[in-house]
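Notes follow the structure.
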There are 2 protein chains.
Amino acid sequence: MTTRPRLADVAARAGVSMKTVSNVINDFEHVSPQMRARVQAAIEEIGYRPNLSARNLALGRAGMIALVVPQLDMPYFAALAGQVLEAAARSNWVVLIQQSAGDPTVERDALAGHFPQRMDGLILSSQRIGPAELRERTDRTPLVMLGERNYQGLVQHVAIDNVAAAQTAVQHLIDTGRQRIALIGSSPTDRRHPRLRGYRQALRAAGLPERADWIKPIRSNLGEEGERQMAELLAENPGSPPDAVFCVTDWVALGVIRALQTHGLRVPDDVAVVGFDDIPYGRAATPTLTTISPDRSAIARMAVASLDAQLTALTTGTSYQVSDQQASYQLIIRESTTGSHTKSIQ
Amino acid sequence: MTTRPRLADVAARAGVSMKTVSNVINDFEHVSPQMRARVQAAIEEIGYRPNLSARNLALGRAGMIALVVPQLDMPYFAALAGQVLEAAARSNWVVLIQQSAGDPTVERDALAGHFPQRMDGLILSSQRIGPAELRERTDRTPLVMLGERNYQGLVQHVAIDNVAAAQTAVQHLIDTGRQRIALIGSSPTDRRHPRLRGYRQALRAAGLPERADWIKPIRSNLGEEGERQMAELLAENPGSPPDAVFCVTDWVALGVIRALQTHGLRVPDDVAVVGFDDIPYGRAATPTLTTISPDRSAIARMAVASLDAQLTALTTGTSYQVSDQQASYQLIIRESTTGSHTKSIQ
DNA sequence: ATGAAAGCGCTAACAA
DNA sequence: TTGTTAGCGCTTTCAT
């Protein structure tokens with residue numbers, strides 16, 4: 001196996017200096033078109049590809065950013081990771097995906113910069129990390145936080161407006177005639193929870209009463225949890241179940257639907273269900289799931305762009321002003337609130 | 001911001017040479033325990049982390065392998081990617097995940113080694129690439145193919161025994177009393193399809209007749225496709241539907257269940273359904289889905305280990321004998337074949 | 001068992 | 001506009 005072509009080989013082939021080749025590769029100005037063409041031809045001919053290790057070493061950058069998500073097999077995060085991958089590639093970054101499995105240690109290690117190698121930036125999607133941890137952080141690696149928590153302007157934060165999105169979802173239930181709306185996935189005492197706040201705002205705006213016993217917390221974002229809590233709610237309200245349920249995630253909503261069907265209630269005929277996240281399965285479920293769809297692609301692009309800007313600020317010694325960036329979202333209306341999925345029996 | 005510590009700094013701190021530090025870091029032999037301890041202490045004290053770009057440059061390796069999957073938001077591949085990530089990390093590899101979106105061009109480019117940089121290895125999970133493309137391949141990058149296709153010993157291939165697994169799934173249907181078993185997801189004329197072959201073997205072994213019109217092809221692995229084909233099958237057999245359906249993937253099975261429920265048939269009471277892949281949704285669906293669960297972790301480990309071995313062979317100039325490696329699988333029995341998910345109405 | 005120095009492939013000063 | 005050269009941080013002969 002012969003050795004692979006280097007920049008010097010291209011230079012020799014094109015009869016120019018390495019600097020010129022480098023200029024062409026990096027799209028610098030002040031290279032005459034014919035020179036550019038000549039170098040390009042040489043590159044093609046010998047099949048040259050830059051060695052990124054060498055480039056990054058010379059540039060003093062890692063060429064890599066880390067993305068920390070709870071788990072890749074959770075569909076919301078898988079889809080998000082896919083988008084981050086694409087956005088990062090456009091900035092010549094490889095993405096090191098790290099799964100935290102909800103382990104706060106992993107997330108704190110990431111915040112502290114404990115990776116197998118230096119990272120140019122870090123995108124962290126976490127439920128666990130709060131403002132306190134952020135305040136104590138000393139590592140200077142550019143950081144973007146994702147997710148619905150509020151970080152009080154301590155770090156760059158990219159998310160949709162969860163309060164407004166939740167309000168939109170609940171408003172849709174009200175618009176379609178529902179009056180007895182439960183929430184699964186939050187504790188009634190958690191005043192900070194954005195999706196709970198949106199739920200409350202919608203109820204208040206419609207003059208509907210709020211019942212603390214119709215707000216059920218979950219211990220984790222699992223279908224089983226949704227199912228358990230819904231079953232409990234049904235058991236506590238025999239004969240007078242809610243006519244709609246707003247779930248903090250699609251995954252929980254699937255469990256809720258399961259509980260409803262198990263108890264002989266039809267969705268949406270008896271009880272309408274709305275989820276949150278727009279996971280792919282929502283389209284294949286029975287009934288298909290009405291949900292809030294965050295613009296994941298925009299979230300990914302904003303996060304990567306911010307890392308880019310932070311890194312530039314860091315190297316140029318200028319300052320970077322952190323902000324709360326909001327991506328858009330959409331209400332996707334499907335069968336679980338409006339459709340009837342059961343046709344007459346053949 | 002002060003510069004980050006280098007190997008030389010550790011050496012200075014510990015009062016030894018760089019070579020010694022390097023020996024400790026790379027776990028070489030012939031380092032006295034006390035010397036090791038001293039160096040370790042110095043590493044901790046100044047918070048040293050090796051620069052992988054420099055290491056890889058010196059070693060002449062990329063430090064990176066590519067994983068090409070159709071899409072990260074398909075749960076099977078997301079879970080697989082997660083496992084590959086972990087296995088690769090243990091071999092000091094970062095994984096560049098590339099989504100092909102089923103585009104054969106992307107897969108062919110990958111085979112040809114067209115990446116932004118050199119890769120130490122390539123794991124390709126593809127439906128499109130066949131023996132022909134493999135035979136034409138000239139790139140020498142270590143390669144492992146995943147998936148159910150047969151590559152005739154042309155490349156290292158890691159998969160479960162799809163014929164046996166399919167037979168196991170169908171046998172389970174037969175064992176639970178089903179006699180009229182359809183298959184969704186393959187063409188009756190596709191003699192090569194492993195899961196179809198397993199289906200046929202099971203029917204034959206049980207002395208059950210095979211009906212070509214009960215074998216329905218799909219155009220893509222989508223719930224919608226399963227739903228459409230199942231609806232068609234029901235329309236073609238009014239009054240005498242199958243009593244069980246074997247689906248080539250879970251994703252298709254979810255659509256099939258949807259079609260059955262839409263037509264007023266109960267799962268599993270009227271029709272039992274088995275899927276394939278064990279995607280996370282299967283546990284949250286209603287009813288929960290009986291399926292074949294491949295040992296993804298083993299698949300990932302085997303693939304990475306093979307890349308390691310191939311790379312070693314390549315650098316030492318020895319030869320690497322490709323093989324067909326088989327990972328294990330399990331039949332996961334859930335409600336869609338045995339349970340009754342609808343309790344009496346309250 | 002440990003030290004000195006060359007070199008991996010690239011970028012960016014600095015010169016021309 | 002293009003060429004020359006000194007590193008980037010690490011591994012690895014080759015001495016010792």
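So you know, we letter chains A, B, ... as the sequences are listed, proteins then strands, and number each from 1.
Counting to the nearest Å, the P atom of D/dT12 and the CZ atom of B/R61 are 11 Å from each other. In this structure, the CE atom of B/M35 is 8 Å from the C1' atom of C/dT2, given to the nearest Å. Note: CG (B/N56) to P (D/dC10) measures 12 Å, nearest angstrom.
In this structure, the side chain of B/S22 does not engage the main chain of B/M18 through any donor-acceptor pair within 3.5 Å.
Checked against side-chain hydrogen bond (donor to acceptor under 3.5 Å, both in side chains), A/Q71 has the following partners two or more places apart in sequence or in another chain: A/D73. Take A/R137 and apply the side-chain contact (heavy atoms from CB on, under 4.5 Å) test, not counting sequence neighbours, and it matches A/L111, A/L122, A/D139, A/T141, A/L143.
For residues 13-23 of chain B, every residue pair satisfying the salt bridge (charged side-chain N to carboxylate O under 4.0 Å, His left out) rule, not counting sequence neighbours, is listed here: B/R13-B/E45. Pairs of residues two or more places apart, or lying in two chains, never qualify as salt bridge (charged side-chain N to carboxylate O under 4.0 Å, His left out) while including a residue from residues 308-321 of chain B.
At its two ends the helix from C/dA1-D/dT16 to C/dA16-D/dT1 runs along axes set 30° apart, each axis drawn from five pairs and the angle rounded to 10°.
Taking only side-chain nitrogens and oxygens, A/T20 comes nearer than 4.0 Å to OP1 or OP2 of D/dG3.
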How would nucleotides 6-13 of chain C be written as a contact map, 5' to 3', with B for base contact, S for sugar-phosphate-only contact and - for no contact, using protein heavy atoms under 4.0 Å?
-BBBBBBB

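Judged by distance alone, the side chains of A/R36 and A/S32 never bring a donor and an acceptor atom under 3.5 Å apart. Defined by atom type and a distance below 3.5 Å, a donor-acceptor pair is missing between the side-chain atoms of A/T312 and A/Y320. Checked by atom type, the side-chain pair A/S306/A/Q325 shows no donor-acceptor distance below 3.5 Å.
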